[in-house]
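What's counted below: heavy atoms across the whole structure, side chains too, no hydrogens, waters or symmetry copies. Chain identifiers are assigned alphabetically (A, B, ...) following the order of the sequence lines, protein sequences preceding nucleic acid strands; residue numbering begins at 1 within each chain.
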Amino acid sequence: MIGFAILLVYIAIFAGSFLAVRFLVRKTTRDFTALKTVTFGDESAVSANRIASVVSVVTIFLIWGSFTGSAWVPGFLHAPGPFVGDTSFSYTSEAPDGRRDDATVFVRVVGFGEPTEKFEVDPGAGFAHDDAVSMPASRSSTILFDKNDEITRKDGAHIIAIDGKPIMPGGELRTDAGRFVLTEKGAISFSPPAGLQMEPIWLPPPERVVERVVEIASEGYRGSTLWQHLGYSLFRVIAGFFFGALLGIPLGYAMGLSDWFRGWFEPIVEFMRPVPPLALIPLVIIWFGIGETGKIILLFLASLWIMAISARAGVSGVNISKVHAAYSLGASKSQIMRHVIMPNSLPEIFTGARVAMGVCWGTVVAAELVAASEGAGMMIMVASKFQLTDIVLMGIILIGVIGFGIDILMRKAENFLVPWKGRS
Amino acid sequence: MSGLSIENVSMRFDLPNGTSVQALKDVSLHLNEGELMSVLGPSGCGKTTLLNIIAGFLAPTEGEIVLNHHKVVGPNAERGMVFQQGALFEWMDVRDNVSFGPRMKRQKEAEWGEYVDHLLAVTGLAEFKDKAIYELSGGMQQRVALARCLANDPDVILMDEPLGALDALTREKMQGLVLKLWKETGKTIILITHSVEEAVLLGERLVVMAPRPGRIHKEYRLPFADMGVGADLREVKHANGYAETREEILEMIWDMEEEIMGRTEAQQ
Ligand SMILES: Nc1ncnc2c1ncn2[C@@H]1O[C@H](COP(=O)(O)OP(=O)(O)OP(=O)(O)O)[C@@H](O)[C@H]1O
Ligand SMILES: [Mg+2]
């Protein structure tokens, strides 16, 4: 139900902002693309609309805030919240001898995360007495209305109507106060209007997540500060990738340059390539335990094959004319290696390095989910056991941000170091 | 005999499916030092194969190449090569590309700097010397390739359709440049081309090859290259005998192409 509402709102914002931007923003770019008449089907004429990107990110936070009742989102944008406060309804009980009596149930609904409080009301006249119930918002509560009545269900009394409307056991009834179901045993199950907002235990509002970041950054979680947790993960990735590249690149070169090396390592590389690094976690834990060694070896293995394959592809991708030209210019084998093959393979190696970094980052989080005493993955795993959804969300967001940051850095380095990539 | 000798060279490619292709059969030629020879022939007649053998990238199945009394056994700085395209080093700027040969010989910049800058000036690349290769046009890239080959000071320059990918105007300018550099440096040059016009214009000697098996069909000695040095190449095209030679060779190659087509049609 909530999911459907969110989807509708999302589609509405997508289409609405598209039309609004289309209507309001004139295309002012006067570059070459603006002069193209054929743009549909010409991939090079498609570039990301930055307004769309900004609206997209704002929309996610808006929907998040709106459906969690965030303090950061103005109240009129909030999705309808659950009923909180005092309400009441009456029930009509019929005794076995046919006598009927009405009594009122006063319900105090408290907000998410607040404690329920017992309170007293005057029992009133008749054999059915008034009740006082306190319950959390957005939940159902089974109300044992006859606890304090003079003629209970055990004595043969049963409910025939709620707020004057007739109801049978197993039946359902909706009034302004909420939804009522009469259980088979004759008790009242009452659900006040739940609204469309999420409970924080499923999805906390964004400010709660930010508070958690501040709190964990200053006080730490499970014995390490946030930066230590992230630093551990990052250190493992960098160490594992470093060793993977250190061995993988020369291995790939050797496979690209020598029959014997290619023959020897091809079965191993081809076998290891399709094995997802995650499948190695149990074996690595058995062999090396859950400490740093095991994690770094896991990431080493994750990046080794990727780097070896990309270095080999870089060598086989060299235009034979370049090698021939270098030979007829008098270069020796080692000079060809140093001045032709190595620089020529750099673009491939960078592509491989980006893939390897992404795989390593994913693998380290997964490995920490399984077993670790610190790290981003460990943080969210432990938090999920205690249903600390805000920490879980914080961890996921930071993992995403860091992964994205790594990729941006790699791309920057690539543009700086191999500016000729894709241009020859 | 000094100069370049191609002695009874044959080349057979054995294919994995058991058949074989006779790419060259008993090709013999001698080039004196400082001669410019252009090579023409229908597609697949073994021109590239012959050039690769002279460069030392391929060993012939029979015969040998002798340069200045030494048998050619592999690629070497005395035989420079200018490729059609894609042989420049994108990771170096123009000047580093041109000075590649001397630098590989571990010569100091003092030894090669002046000559490299001279070549950059002659090829009109002086103001682009710090540019990256991918920032240059196709014609400029071919001038870099030419300068790079010359900077290494080889005895023989081998060119496989060096101007094939250029537009007509750029091509004409480059032809003038080739002639100019040839006279200036006195190098022995073998130039493979698909353009009969270019072959007649630039070749002091001209060889027409025939296919299946690849062999030398006819040889010419032509005056137009000497006339073209320092002159307007378009003028040369009006010189006596130019048009006739061109038509004769065109006809010859046309007939060969026809024959190939006929043969393949008959096979079908
Ligand atoms: N590596 C090889 N393996 C098998 N056959 C080859 C090989 N290289 C060339 N050939 C064959 O040798 C013959 C001559 O090829 P070559 O490339 O020398 O022709 P070409 O005259 O340079 O043609 P083009 O003008 O199209 O460049 C062709 O029939 C070709 O199929
Ligand atoms: Mg060829």
Side-chain angles (χ1 to χ4, degrees), chain A residues 32 44 249 252-253 256-259 262-263 310-311 313-354 410-424, chain B residues 48 51-52 54-58 72-93 96-107 112 131-136 138 141 144-162:
Chain A
F32 174 60
S44 68
I249 294 175
Y253 281 152
L257 296 166
S258 143
D259 284 355
R262 179 172 298 190
S310 62
V315 176
S316 21
V318 62
N319 188 336
I320 186 63
S321 307
K322 287 191 190 2
V323 177
H324 279 173
Y327 270 117
S328 37
L329 288 165
S332 66
K333 275 187 186 161
S334 63
Q335 285 174 327
I336 293 209
M337 187 69 208
R338 160 89 185 72
H339 295 286
V340 180
I341 293 184
M342 277 170 45
N344 189 77
S345 62
L346 274 184
E348 287 278 358
I349 286 181
F350 258 98
T351 309
R354 267 176 68 192
M410 299 289 285
R411 259 190 276 179
K412 285 253 184 299
E414 185 175 33
N415 285 343
F416 180 70
L417 290 171
V418 283
W420 66 88
K421 183 177 183 188
R423 299 219 235 168
S424 50
Chain B
T48 300
L51 211 68
N52 280 337
I54 299 171
F57 304 138
L58 281 175
V72 165
V73 287
N76 182 317
E78 64 195 13
R79 278 157 289 124
M81 186 108 172
V82 179
F83 294 86
Q84 182 167 3
Q85 58 184 183
L88 295 176
F89 307 129
E90 284 93 1
W91 42 94
M92 299 175 190
D93 64 19
D96 285 347
N97 262 284
V98 173
S99 60
F100 186 82
R103 288 191 292 121
M104 291 305 103
K105 287 180 208 136
R106 304 192 195 287
Q107 292 177 355
W112 52 259
K131 283 257 188 295
I133 294 302
Y134 54 82
E135 293 174 289
L136 305 183
Q141 292 187 6
V144 176
L146 207 57
R148 180 176 72 176
C149 187
L150 286 167
N152 202 39
D153 199 24
D155 297 331
V156 178
I157 298 180
L158 308 168
M159 304 193 193
D160 193 355
E161 293 174 48

Worksheet item: Quick one: are Trp91(B) and Leu417(A) in side-chain contact, heavy atoms under 4.5 Å?
Response: no
Response to the item:
CG of Leu346(A) to CD of Glu90(B), rounded to nearest 0.5 Å, is 12.0 Å
Discussion item. With a 4.5 angstrom heavy-atom cut-off, is it the side chain or the backbone of Ile133(B) that approaches chain A, or both, or neither?
Written reply: neither
Worksheet item: Out of Gly330(A), Pro343(A), Ala325(A), which one racks up the most heavy-atom pairs below 4.5 Å with chain B?
Response: Pro343(A)
Practice prompt. Determine, stepwise, if the pair His339(A) / Phe89(B) fulfils side chain to side chain contact (heavy atoms under 4.5 Å, CB included).
Written response: CA-CA 9 Å; His339(A) 295 286; Phe89(B) 307 129; over 6 Å; no
Item to complete: State, to 0.1 Å, how close Phe100(B) and Ala331(A) come at their nearest heavy-atom pair, and which atoms those are.
Response: CE2-CB, 4.2 Å
Worksheet item: More than 12 foreign heavy atoms under 6.0 Å from NZ of Lys131(B): is that the case here?
Response: no
Fill in: Closest non-hydrogen atom pair between Phe57(B) and Tyr327(A), with its separation
CE2-CB, 4.5 Å
Response to the item:
So CD of Gln335(A) and CZ of Arg106(B): to nearest 0.5 Å the spacing works out to 5.0 Å
Item to complete: Grab the two heavy atoms, one from Cys149(B) and one from Leu329(A), that are nearest each other, plus how far apart they are.
Response: CA-CD2, 4.4 Å
Item to complete: Count the heavy-atom pairs under 4.5 Å between each of Ala132(B), Gly101(B), Pro75(B) and chain A, then report the option with the highest count.
Response: Pro75(B)
Worksheet item: Between Ser328(A) and Arg79(B), which heavy-atom pair has the shortest distance, and what is it?
Response: CB-O, 3.2 Å
Worksheet item: Which bit of Val323(A) comes within less than 4.5 Å of chain B, counting heavy atoms only: side chain, backbone, both or neither?
Response: neither
Worksheet item: To the nearest 0.5 Å, what is the distance between OG (Ser321(A)) and CD (Gln84(B))?
Response: 9.0 Å
